[in-house]
Each structure stands twice: as structure tokens, then as C-alpha cells.
Peer 1: 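This structure is in C-alpha cells; I'll ask about it shortly.
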Amino acid sequence: NLTPPLFQLYLCALTDTWHILKKRRWMQILIAAPYTMVCLLLCSNVFLHNVFYFDENLIYTRGPLFYGLHGCAFIYFVTGIVFLITYRKVFTADKFLTLICFYPWNLIAIMVQAIIPEYLVEMFLNTISLFLVSNIVQRPEELINPVIGIRSHIAFTSDMKKTFYLRKPMRVFLAGIVNYQSLLNILGNDSCNFLMKQVSDELKTVFSSRHNSADLYYLENGLFAAVSEVEDIEYFREAAQDFSDTIHGSFHMGKLELEMNSC
């Protein structure tokens with residue numbers, strides 16, 4: 001029962017439409033109300049046994065209000081499809097198809113199990129749908145740079161595309177290591193990546209110390225980005241100054257003392 005509302009919130013996360021959800025009260029009610037009704041139905045079943053019960057032979061039996069649960073799920077079914085179609089340009093074709101197929105798969109499962117209750121296919125097809133989402137849509141290897149430990153340039157491109165499409169307000173902080181190519185020539189690829197990992201850790205420290213959230217990205221070749229909805233421009237100016245002061249200090253790798261120039 002919790003899957004449909006959580007899936008709707010997951011769609012908000014994928015499309016980065018939290019700022020729209022926060023501003024529109026009716027959307028918050030639309031997400032919360034059906035599940036609230038589900039909870040009330042299940043609580044009432046303890047006393048009234050109108051949702052499900054066990055008969056005199058201890059056989060599980062659906063009561064007359066059981067399909068009220070499906071009615072609540074159907075609200076998420078409709079709103080989810082409308083939501084996906086509205087923001088379809090945010091997704092690639094394969095991801096859009098995977099997400100929208102979540103609904104007919106589960107609808108078919110519900111109908112089969114409603115007509116033939118002994119065929120317990122509802123949870124199975126629900127699991128298969130979520131398995132496809134986790135493998136086709138989520139793809140953590142696309143989102144995180146495994147060496148540097150922050151989001152990748154692919155994630156940055158995708159997130160910026162969403163941001164411009166949704167006209168979401170944002171501030172972007174870019175920091176580049178000017179002498180990156182020289183460092184790469186001296187250290188080699190693996191050691192240079194280790195050095196960039198240290199830089200990304202410093203970037204995390206700069207933003208976490210201000211108790212404001214920012215999405216951090218490594219855009220390759222010594223270029224970093226931080227994206228935030230924080231409106232205060234001084235927040236970013238102070239962060240930029242702190243980061244610059246840190247980078248202009250010395251970094252140690254074994255017996256080497258390295259100097260980095262940033263802008």
C-alpha cells in the first residue's frame with residue numbers, strides 16, 4: 001500500500017520538482033490523502049473486518065471494503081501517469097518507458113488477482129517493475145564518479161537539463177584547477193585522481209560547514225561544480241573564498257608537496 005505514494009515521491013525526486021511540490025498545497029494533499037484513507041481502512045478492519053478477514057476455516061477472505069485500497073491506489077495511478085507525461089522531456093526514452101510501464105504492469109496484476117484470487121501475482125509483478133526501475137532508471141554508475149566520490153559530469157548534464165526545462169531557480173559555483181594538465185603530466189592518472197579526491201573532500205567540507213545543501217559534481221579535467229537553491233549570494237561568495245584559500249595551500253602526496261592554482 002505504501003508503494004504508490006512512495007513511487008510518486010520518487011518521480012518528484014527524479015524530475016527535481018520538489019520546489020513545485022512545496023509551493024502547491026493541493027499537490028501535497030493529493031499525495032497524502034489517499035494513503036491516509038488506506039491507513040484508516042486498515043485500522044478500522046481491526047474492529048469491523050470489512051477489508052479482509054479469516055473465515056471459520058481460517059481461510060483469508062477479502063471483505064467489501066478491500067477494493068477501497070485499490071481505489072486509493074488508482075488515484076496514484078492516474079496522477080502518476082499525468083505527472084510523467086507532463087515532465088516527459090526530462091527523461092530519456094528508455095527511462096520514460098520503464099517508469100510509465102510501472103502502472104499498466106501493476107494494473108494487470110491487480111485485475112488478474114481480483115478475478116482469480118488464488119493466483120498471487122500482484123506482489124510478483126510489483127517487484128519486477130521495481131527491479132526494472134532500479135536497473136534502467138537508477139544506474140548509480142552514471143550518477144556518481146566512483147573515484148572522486150561525488151556526482152559525475154553525466155549527472156550534471158542531466159540535472160541542468162531538468163533545471164532549465166523546469167525553470168527552477170538555482171545558483172552555480174564552478175571551481176577549476178588551472179594547472180590540472182601539469183599535475184596530470186607529473187603525477188599520472190591514478191595519483192592525479194587521488195589528488196582530485198582530496199579537492200572534492202575539501203569542497204564537501206566547505207559546503208557542509210555552512211549547513212546548507214548543495215549538489216557537488218566533478219566535471220572532469222580538474223573542474224568542479226556546486227549547485228544549490230540558496231538565494232543568498234554571500235553564501236556562495238564566502239564558500240568560494242574558503243575553497244580558494246584551501247586550494248592555494250600545499251597538498252602533500254608522500255614526499256611530494258604540490259601547489260595548485262584555482263579559479
Peer 1: Anything under 30° is parallel, anything over 60° is perpendicular, the rest tilted; go ahead and classify Phe74 against Phe77.
Peer 2: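 Phe74 vs Phe77 ring planes: parallel.
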Peer 1: Determine whether the aromatic ring centres of Phe156 and Phe224 lie less than 6.0 Å apart.
Peer 2: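 Ring-ring flag for Phe156/Phe224: false, centres at least 6.0 Å apart.
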Peer 1: Does Val178 offer a backbone N or O that forms a donor-acceptor pair with the side chain of Asn261 under 3.5 Å?
Peer 2: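 No, the answer is negative, given that no donor and acceptor are paired below the 3.5 Å cut-off.
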Peer 1: Does Arg171 come within less than 4.0 Å of Glu229, counting only side-chain N to carboxylate O?
Peer 2: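 Salt bridge absent between Arg171 and Glu229.
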Peer 1: Using modelled atom types and a 3.5 Å cut-off, is there a donor and acceptor pairing between side-chain atoms of Ser200 and backbone atoms of Lys197?
Peer 2: yes
Peer 1: I need the minimum non-hydrogen distance between Tyr218 and Leu223, along with the two atoms involved.
Peer 2: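 Heavy atoms of Tyr218 and Leu223 come nearest at CD1-O, 3.5 Å.
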Peer 1: Given 3.5 Å as the limit, does a donor-acceptor pair link the side chain of Thr15 with the main chain of Leu11, or not?
Peer 2: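 A pair under 3.5 Å: yes.
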Peer 1: State, with a plain yes or no, whether a side-chain heavy atom of Ser228 is found less than 4.5 Å away from one of Phe173.
Peer 2: no
Peer 1: Ignoring hydrogens and geometry, is there a side-chain-to-backbone donor-acceptor pair from Arg237 to Glu234 under 3.5 Å?
Peer 2: no
Peer 1: Are any side-chain N or O atoms of Lys22 and backbone N or O atoms of Thr17, one a donor and one an acceptor, separated by less than 3.5 Å?
Peer 2: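 Such a contact is absent between Lys22 side chain and Thr17 backbone.
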Peer 1: Short question: side chain of Asn57, backbone of Ile59 - any donor-acceptor pair under 3.5 Å?
Peer 2: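 Checking the backbone N and O of Ile59 against the side chain of Asn57, no donor-acceptor pair under 3.5 Å is found.
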Peer 1: Looking only at atom types and distance, does a side-chain atom of Ser158 sit under 3.5 Å from a main-chain N or O of Ile154, one as donor and one as acceptor?
Peer 2: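 Here the side-chain-to-backbone pair does not exist.
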Peer 1: Taking the six-membered ring for Trp, are Tyr76 and Phe7 closer than 6.0 Å centroid to centroid?
Peer 2: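 For Tyr76 and Phe7, the ring centres are not under 6.0 Å apart.
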Peer 1: Between the main-chain N or O of Ser182 and the side-chain N or O of Asn179, is there a donor-acceptor pair closer than 3.5 Å?
Peer 2: no
Peer 1: Could you walk me through whether Tyr217 and Asp159 satisfy the side chain to side chain donor-acceptor pair (under 3.5 Å) test, starting with their C-alpha distance in whole Å, then the side-chain angles of each, then the deciding distance to 0.1 Å, before giving a yes or no?
Peer 2: CA-CA 11 Å; Tyr217 305 85; Asp159 291 348; 2.6 Å; yes
Peer 1: Counting distance only, does the side-chain N/O of Gln113 pair as donor-acceptor with the main-chain N or O of Glu122 below 3.5 Å?
Peer 2: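 Checked: pair present.
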